[in-house]
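Let me begin by presenting the structure, written as structure tokens, before commenting on it.
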Amino acid sequence: MVTIIVENGGRRELFTFAENTVTIGRAEDNDLRIGSRFVSQHHCRVEPSAEGGFKLLDMGSQNGTRVNGADTSQARLRPGDLIEIGPTRLWFQTAPEEVTASLQNEETTQAGEEDVVISARSSPGISGKLRESLSALCVEFRKNYGDERGLAELEEAVVDTTKRIFPRPAFQRSMQARRLVEVLRSIATATDLNKALGMVMDAAVEMTDSERGFLVLREESGQWKVRTGRNFDHETIKGAEHKISRNIAEQVARTGKAMYSVNAVSDPRFQAFDSVNELKLRSVICLPLGVQGRVIGTLYLDNRFKDAAYSEAEIGLLEAFADHAALALENARLYEQNLRNEGALSRRTKEVEELAQVLDQRMTKATLENVEDPKPLTREGLKHNYSQIVGESPAVIEMLRLLDRVIDSDLPVLVVGESGTGKELVAQAIHVNSPRRGRTFVKENCAAIPESLLESELFGYKKGAFTGANSDRKGLFEEAHQGTIFLDEIGEMSMDMQSKLLRVLQNGEIRPVGGREVMRVDVRLITASNRDLRQMVKDNRFREDLFFRLNVVCVEAPPLRTRLEDLPLLVDTFTARIAEKTKAERKSVDPLALRYLLSYHWPGNIRELQNEIQRAVALSGAVITVDDLSREIIENRNVPQDSSGAAGGLKDLVKLATHQKEREIILRTLEESDWKKSIAARKLHISRPTLDQKIRAFGLGPYVDRGRQS
């Protein structure tokens, strides 16, 4: 609809046109006729713009057209723009306050020199008469009541009249839109998911005058479930799972496109859906609930007693409603999930604190009992020599006892543990203490060799097998015949190579690349991995049959953070080896520096500790002090400032391990909270100042800084 306010010779008139295109000129066939010699027969035209809104086109007029004081052949129009055609001024859609005020009060000024006649062509038939009469009524209401009250009185009169004559009152869509805004505002503030589900369902049923409504949401397992069903009386529908056509709901969820039907039973699209016929469905509409390009559920409405219950207007309204409702439901779901996660984290934190207290009490009691009757867990009684494995902690002793039981056999051994825990040393200990110790020990890292070369490296190749194969070459399995072969990082091996390795384990035969004859080999296989092979089997990234062949005996190399009591012994061993290698005097470690080493979490395990000691020895004087340690160890400490004493006893080590666990929980929570301290504090159920204090105490500041920058 186009509105033009015309001022000519002091007279002002308002013209409203039902069509979106309005022609202006002197000829009788123009929508707006201006009878002036300065106006061409067909002067200009107002029409919709492709970019939205309206534009003005000059139709080759003799005297031209001006918009906001500038000559133009084409210009985009905005409400309030001034159009000048000859002596006549026109405003598009609206006009300055002084012009509209004169229209309301019917003020006029003296006519100009030329008496220009302004007229509009009426719409044909009854529609034109309606618009003329309605325009006159609008002017009367405005004159008598003013702008705001006049419009309100007019709307009330139209609603009262139309609802007695038509199937629905006028302005129902705008009333529905206002209702939609109110409902969405309420839903958006709901944090209880069940409450939000009920609000969405009741609003959808009420706005569309449906008989029933259902919300189908995707569960965490991926299955679709009817979460709620409501009728027009806002009552919960029992057995809602069996009251909808799951075929329709799942098809909408799968395609992401809405479906509706005036009579589903006779609709050819649903002839194959048994549920439609069984439920005798008539009017049905089902829309997807989408969030960020993924469908989280469907909004399903029906009316079993009325055909064509949903008009195009209601469908459009529901589509807008579904988009906002989906976002509100997702926010409510995430809020509840957040509360559950916070509760779980709080319980875990409490459990860790309780376990730490219990452990502290037990270790204190055990320490006192050992003073009276010392029964330490030592290497005494072990059958074999494990001098290359340093450590006296219970975790290490238990590992060595397990090795004692399997070394004399030929069973395959799988060594698991984090990177840097000494898995290769375990494999060497098995070989040098086994009956095969006089034979070859071959080791290979599967992650260090390209997949295309790994087969020839393991099984060898024949001359001419590929480009560069100028002579026969033995593979590692053949070299390790009657000895031991150690394959590290076995989890990095491709599925194809896993099949070939499985064949060797099953029949003890290998075939070199490019060869036709098979060769029998007798080897003991030891493998290692820092990855979770069981989970890889579940994810179909590691063969299950090969896993069971390798995992006959599983030996776990403990991480350094679980055997901190071995750290002083490891430090002594490394400093002694360095002194022996460099032919220099052995350096000692300051007690405070040792406490800093004990407080670090050692993600790189023993390998990281060895590198740290090598670096500290190279940079220090006769004694390794705190100043010689890496920045990471100094900043990530958890030791008291008064640390002039010795490294402490078993009780101190237990406390350090407990603090380390707390540090890991705080670090993980910060990472899950996108390094936002306020969110992390809420999840940990502690205050923000307390969290800041713990971040400083545990040296987590650099982690927070790096996390925020990434």
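- Contact check for Ile613 versus Leu597: side-chain heavy atoms found under the 4.5 Å cut-off.
- Counting only distance, with no hydrogens or angles, the side chain of Thr440 and the backbone of Val442 share no donor-acceptor pair below 3.5 Å.
- Here Leu411 contributes atom CG and Leu525 contributes atom CG; the two are 11.5 Å apart, rounded to the nearest 0.5 Å.
- Within the 3.5 Å criterion, the main-chain N or O of Ser419 finds a donor-acceptor partner in the side chain of Asn605.
- Judged purely by atom type and a 3.5 angstrom limit, Asn611 has no side-chain atom pairing as donor or acceptor with the backbone of Glu608.
- When atom types are taken as modelled, the side chain of Asn433 and the backbone of Asn385 share a donor-acceptor pair closer than 3.5 angstrom.
- Using modelled atom types, one side-chain atom of Ser494 and one backbone atom of Met497 make a donor-acceptor pair closer than 3.5 Å.
- Shortest non-hydrogen contact noted between Trp602 and Ile633 is CH2-CD1, 3.6 Å.
- Around atom NZ of Lys383, more than 12 heavy atoms belonging to other residues, nucleotides or ligands sit under 6.0 Å away.
- Side-chain N or O atoms of Arg503 include none that pairs as donor or acceptor with a backbone N or O of Glu509 at under 3.5 Å.
- The shortest side-chain heavy-atom distance between Leu546 and Leu505 falls under the 4.5 Å cut-off.
- Aromatic ring orientation, Phe547 versus Phe542: perpendicular (interplanar angle above 60°, classes split at 30° and 60°).
- A salt bridge links Asp522 with Arg436: at least one charged nitrogen is closer than 4.0 Å to a carboxylate oxygen.
- Of all non-hydrogen atoms in Arg524 and Ser434, the two that sit nearest each other are NH1-CB, 4.3 Å.
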Exercise for the section: Would you sort out whether Arg531 and Glu492 count as a side-chain contact (heavy atoms from CB on, under 4.5 Å), showing the intermediate values? Expected result: CA-CA 9 Å; Arg531 304 178 67 178; Glu492 305 298 329; 3.1 Å; yes
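- The environment of NZ in Lys677 is crowded: more than 12 heavy-atom neighbours from other residues, nucleotides or ligands sit within 6.0 Å.
- The distance from the OG atom of Ser673 to the NZ atom of Lys683 is 3.5 Å, given to the nearest 0.5 Å.
- Residues Ile389 and Val396 form a side-chain contact, since some pair of their non-hydrogen atoms from C-beta on lies under 4.5 Å apart.
- Within a 6.0 Å sphere centred on CD of Glu544, heavy atoms belonging to other residues, nucleotides or ligands number 12 at most.
- Between Asp545 and Arg549 there is no salt bridge, since none of the side-chain N atoms of the basic residue sits less than 4.0 Å from a carboxylate O of the acidic one.
- By the 4.0 Å N-to-carboxylate-O rule, Arg439 lies too far from Glu479 to be salt-bridged with it.
- Atom OG1 of Thr527 and atom CG of Leu533 lie 7.5 Å apart (nearest 0.5 Å).
- To the nearest 0.5 Å, the span separating CG on Leu487 from CD1 on Ile526 amounts to 10.0 Å.
- Contact between Asp488 and Ala528 at its shortest, heavy atoms only, is OD1-CB, 3.4 Å.
- The closest side-chain heavy-atom distance from Met399 to Glu556 is not below 4.5 Å.
- Lys443 has its side chain within reach of Gln428: a pair of non-hydrogen atoms, C-beta onward, lies under 4.5 Å apart.
- In this structure, Glu612 pairs ionically with Arg615, as a charged nitrogen and a carboxylate oxygen lie closer than 4.0 Å.
- Using a 4.5 Å cut-off on side-chain heavy atoms (C-beta onward), Val537 and Phe548 make no contact.
- The two residues Leu670 and Ala680 make their nearest non-hydrogen contact at CD2-CB, 3.7 Å.
- Side chain of Arg563 to main chain of Leu560: no donor-acceptor pair is present (N/O by atom type, distance under 3.5 Å, no hydrogens or angles).
- The shortest distance between side-chain heavy atoms of Glu444 and Ile485 does not fall below 4.5 Å.
- Between the side chain of Gln610 and the backbone N or O of Phe574, no donor-acceptor pair lies under 3.5 Å.
- Leu458 CG to Leu476 CG: the interatomic distance, rounded to the nearest 0.5 Å, is 5.5 Å.
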Handout entry: Stepwise side-chain contact (heavy atoms from CB on, under 4.5 Å) check, His384 with Asp408
Key = CA-CA 10 Å; His384 300 290; Asp408 293 333; 3.6 Å; yes
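- Side-chain atoms of Lys500 do not come within 3.5 Å of backbone N or O of Glu455 as any donor-acceptor pair.
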Problem - Verdict with reasoning, Leu629 to Tyr600, per side-chain contact (heavy atoms from CB on, under 4.5 Å) - result: CA-CA 11 Å; Leu629 301 180; Tyr600 187 54; over 6 Å; no
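- Listed for the Lys423 side chain is no donor-acceptor partner under 3.5 Å among the backbone atoms of Val416.
- In this structure, the separation between CE on Met519 and CZ on Arg511 is 12.0 Å, given to the nearest 0.5 Å.
- The number of heavy-atom neighbours closer than 6.0 Å to CD of Glu585, taken from other residues, nucleotides and ligands shown, is 12 or below.
- Put simply, the residue from Thr575, Ile578, Val617 that forms a side chain to side chain contact (heavy atoms under 4.5 Å, CB included) with Arg586 is Thr575.
- Taking the side chain as every heavy atom from C-beta outward, Leu403 and Ile430 approach each other to under 4.5 Å.
- Looking at every heavy atom in both residues, Met536 comes nearest to Gly491 through CE-O, 3.3 Å.
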Handout entry: Full working for side-chain contact (heavy atoms from CB on, under 4.5 Å) between Glu392 and Ile397
Key = CA-CA 6 Å; Glu392 300 293 338; Ile397 299 302; 4.1 Å; yes
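- Side-chain contact annotation: Ser499 with Asp496, donor-acceptor N/O pair under 3.5 Å absent.
- Between Gln498 and Arg543, the shortest heavy-atom contact is OE1-N, 2.8 Å.
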